[in-house]
Amino acid sequence: MTDLETRTAGRPGASGPSGALRRAAPALVGYAAVRALGLLALALWSTARDKSAYTLLTARWDSLWYTRVAELGYGYEVRLPNGDVHSNLAFFPLLPWLERLGAAVSPLSYADAGFVVSLLASLAAAWGIFAVADHVYGPRAGVCAALLWAVLPVGIVQSMAYSESLFTALAAWSLYAVLTGRWVTAGTLAALAGLTRPVGLAVTAAVWVAVITAFVRSRSGDAPDGAPGARHVLGMLLAPLGAAGYVLWVGHRTGKGPLGYLDVQAGWRNGFDGGAAFARFVAGKFTSFPGALAGVGLVIGVALLVWLYVVCVRQRQPLPLLVYAGLVTVLALCASSYFGSKPRLLLPAFPLLFPLALGLARLRTTRATVVVCAVAAASAVHGAFWLNGSGPP
């Protein structure tokens, strides 16, 4: 009997796909309502500014790079006047593959297919977040976790033809498979996550930590399910194949060996510098009065992330969740990439929301509903304002 079966034994309708869907229905309905509100606000705001909301969601910034990969394959690059080279090899292939598949089997364009993939993936991600939180803390906390993910200030990205929703869905279900002892499934989903975004290594690390912990416990005689077996090893071996395969292929394609992908990222001025560039960016905000307000906001935001992670540790979240959320957060904050994109890079770090979900779950239903509705309205307005701005999210 798996952990999931142990938790759900005796619950009416809790077993099987239909039972799992019924259990997650409140989270999915609430999530869909929040995102529908965000899309409505975007449509109204964009119309008032004589812009197309659908274009903002499907045909600007990274969305264009993904659809170009889907349509023409890899090899396209843009050389900027300062010498930087923006190559589409920086974009991992799973989303473009799905866009190409959607366009091949339906009348949808590549951009349309990307939008549909993101919408479906966002629902799968909300379900996965619910499943993980439900498994660890119970269904009420699971519903609250999915709703909190929906009302994040950058939640509108979940509805864009970007890869965040797809990645979060794969990561969440991989972590759920880890928590419930489905090792081959966990490794397979981790491999797919590794084909979606570079941060897929965080999912791989979570799978590896879980397997290594199981081996250590078995040696000490503290393994409740007995010694790990072939499925543990297979899951561990599968997990890194997606990211490793793509990175090695890029190295071969560029002729620069295993580290060729790092050169591609360098062309975008992306890299891991331990947060030095971000620290300089924040410090630079304090050189003027209006900028200082933004600097204070950034400092508070980073402090909030650190505090949430500390609370996750104190609440004894399962180690795979801590490893995953920690790596996603570190990679987002310590990368020298476009600083305006950091909030969306943190979207997959959903375990950080669990302490807030537990607090929300303790409120009376009426009060919790009022809180969620108020934050959802603020998130919808912010998303509409954000996407109608000049820079990419």
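No experiment lies behind these values; they were computed from the predicted model shown. Note: hydrogens, waters and symmetry copies are ignored here, and every other heavy atom, side chains too, is used.
Leu123 approaches Ala32 most closely through the heavy-atom pair CD2-CB, 4.4 Å. Of all non-hydrogen atoms in Leu64 and Thr67, the two that sit nearest each other are O-OG1, 3.0 Å. When every heavy atom of Gly128 is checked against every heavy atom of Ala172, the shortest pair comes out as C-CB, 3.7 Å. Closest heavy-atom contact between Ile156 and Gly38: CD1-O, 4.1 Å. For the pair Glu77 and Ser87, the tightest heavy-atom approach, listed with the atom from each and the gap, is CB-CA, 3.8 Å. In terms of heavy-atom proximity, Val328 sits nearest to Leu345 at CG1-O, 3.9 Å.
The backbone N or O of Leu322 sits less than 3.5 Å from a side-chain atom of Tyr309, completing a donor-acceptor pair. Side-chain atoms of His135 never come within 3.5 Å of backbone atoms of Val132 as a donor-acceptor pair (strictly under, hydrogens ignored). Within the 3.5 Å criterion, the main-chain N or O of Pro351 finds a donor-acceptor partner in the side chain of Gln317. Thr287 contributes a side-chain N or O that, together with a main-chain N or O of Gly284, makes up a donor-acceptor pair within less than 3.5 Å. A donor-acceptor pair is defined here as one N or O able to donate and one able to accept, closer than 3.5 Å; such a pair exists between the side chain of Asn388 and the backbone of Ala384. Listed for the Trp45 side chain is no donor-acceptor partner under 3.5 Å among the backbone atoms of Leu387. Lys342 places a side-chain N or O within donor-acceptor distance of the main-chain N or O of Ala335, the cut-off being under 3.5 Å. With Ser379 contributing its side chain and Val375 its backbone, the two residues share no donor-acceptor pair below 3.5 Å. Side chain of Ser174 to main chain of Leu170: no donor-acceptor pair is present (N/O by atom type, distance under 3.5 Å, no hydrogens or angles). Here the side chain of Ser46 pairs no donor or acceptor atom with the backbone of Lys51 at under 3.5 angstrom.
Going from atom CG of Leu234 over to atom CH2 of Trp183 covers 12.5 Å, rounded to the nearest 0.5 Å. Atom CZ of residue Arg344 and atom CD of residue Glu164 lie 4.5 Å apart, to the nearest 0.5 angstrom. Residue Ser341 holds its OG atom at 7.0 Å from CG of Asp62, rounded to the nearest 0.5 Å. Between atom CZ of residue Arg280 and atom CG of residue Asp273 there is a gap of 6.5 Å, rounded to the nearest 0.5 Å. Between atom CG of residue Leu42 and atom OG of residue Ser52 there is a gap of 9.0 Å, rounded to the nearest 0.5 Å. Note: Leu360 CG to Arg140 CZ = 7.5 Å, rounded to the nearest 0.5 Å.
At a threshold of 4.5 Å between side-chain heavy atoms, the hydrophobic network of Ile, Leu, Val, Met, Phe, Trp and Tyr places Val313 and Leu352 in one connected group. Leu72 and Leu95 are not part of a single hydrophobic cluster, where members link through side-chain heavy atoms under 4.5 Å apart. Clustering ILVMFWY residues whenever any of their side-chain heavy atoms sit less than 4.5 angstrom apart, transitively, puts Val85 in a cluster other than the one holding Tyr76. Val381 and Val154 end up in different hydrophobic clusters when Ile, Leu, Val, Met, Phe, Trp and Tyr side chains are linked at under 4.5 Å. Leu108 is not connected to Tyr54 by any chain of hydrophobic side-chain contacts under 4.5 Å among Ile, Leu, Val, Met, Phe, Trp and Tyr, and they are in different clusters.
Using cut-offs of 30° and 60° on the angle between ring planes, the pair Phe91 and Tyr66 is perpendicular. Between Phe281 and Phe278, the ring-plane angle classifies as parallel under the 30° and 60° cut-offs. Taking the six-membered ring where tryptophan is involved, the planes of Phe92 and Tyr246 are tilted, since the angle between them lies from 30° to 60°.
At least one side-chain heavy atom of Leu119 sits under 4.5 Å from a side-chain heavy atom of Ser159. With a 4.5 Å cut-off on side-chain heavy atoms, Thr58 and Ser63 do not count as touching. Between Leu347 and Trp149, the closest side-chain pair of non-hydrogen atoms falls below 4.5 Å. Between Leu333 and Leu305 the shortest side-chain heavy-atom distance falls below 4.5 Å. Taking 4.5 Å as the limit, every side-chain heavy atom of Val302 sits out of range of all side-chain heavy atoms of Val282. Leu238 places a side-chain heavy atom less than 4.5 Å from the side chain of Leu241. Within the 4.5 Å cutoff, the side chain of Leu152 has no heavy atoms near those of the Leu346 side chain. Contact check for Phe215 versus Val233: side-chain heavy atoms found under the 4.5 Å cut-off.
Here Arg253 pairs with nothing under the salt bridge (charged side-chain N to carboxylate O under 4.0 Å, His left out) rule; sequence neighbours left out. Residues forming a salt bridge (charged side-chain N to carboxylate O under 4.0 Å, His left out) with Arg231 (at least two apart in sequence, or on another chain): none.
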task: Before giving the answer on side chain to side chain contact (heavy atoms under 4.5 Å, CB included), spell out for Glu99 and Asp112 the whole-Å C-alpha distance, their side-chain angles and the decisive distance to 0.1 Å.
output: CA-CA 8 Å; Glu99 289 177 343; Asp112 296 337; over 6 Å; no
- prompt: Can you list the steps and then say if Trp173 with Tyr176 is a ring-ring contact (aromatic ring centres under 6.0 Å, His included)?
  reply: CA-CA 5 Å; Trp173 284 108; Tyr176 179 73; 5.5 Å; yes
message: Before you tell me yes or no, could you show the steps for Leu327 and Val323 under side chain to side chain contact (heavy atoms under 4.5 Å, CB included), namely the whole-Å CA-CA distance, both residues' side-chain angles and the distance that decides it to 0.1 Å?
response: CA-CA 6 Å; Leu327 282 175; Val323 169; 4.1 Å; yes
message: Assess the residue pair Phe350 and Tyr324 against the criterion (side chain to side chain contact (heavy atoms under 4.5 Å, CB included)); give the C-alpha distance rounded to whole Å, side-chain angles, the decisive distance to 0.1 Å, and a yes or no.
response: CA-CA 9 Å; Phe350 64 87; Tyr324 167 77; 3.9 Å; yes
- prompt: When you look at Leu98 and Leu166, which way does the side chain to side chain contact (heavy atoms under 4.5 Å, CB included) test go after all the steps?
  reply: CA-CA 10 Å; Leu98 293 176; Leu166 179 60; 3.8 Å; yes
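Atom CH2 of Trp208 is surrounded by 12 or fewer heavy atoms from other residues, nucleotides or ligands within 6.0 Å. Annotation for Phe286: atom CZ counts as buried by contact number, over 12 foreign heavy atoms lying within 6.0 Å. Crowding of Asp50 atom CG: a count of heavy atoms from other residues, nucleotides or ligands under 6.0 Å not exceeding 12.
Leu44 shares a hydrophobic cluster with Leu40; the chain of contacts runs through ILVMFWY side chains whose heavy atoms sit under 4.5 Å apart.
Looking at Arg182 and Thr180, their side chains do bring a donor and an acceptor atom within 3.5 Å of each other.
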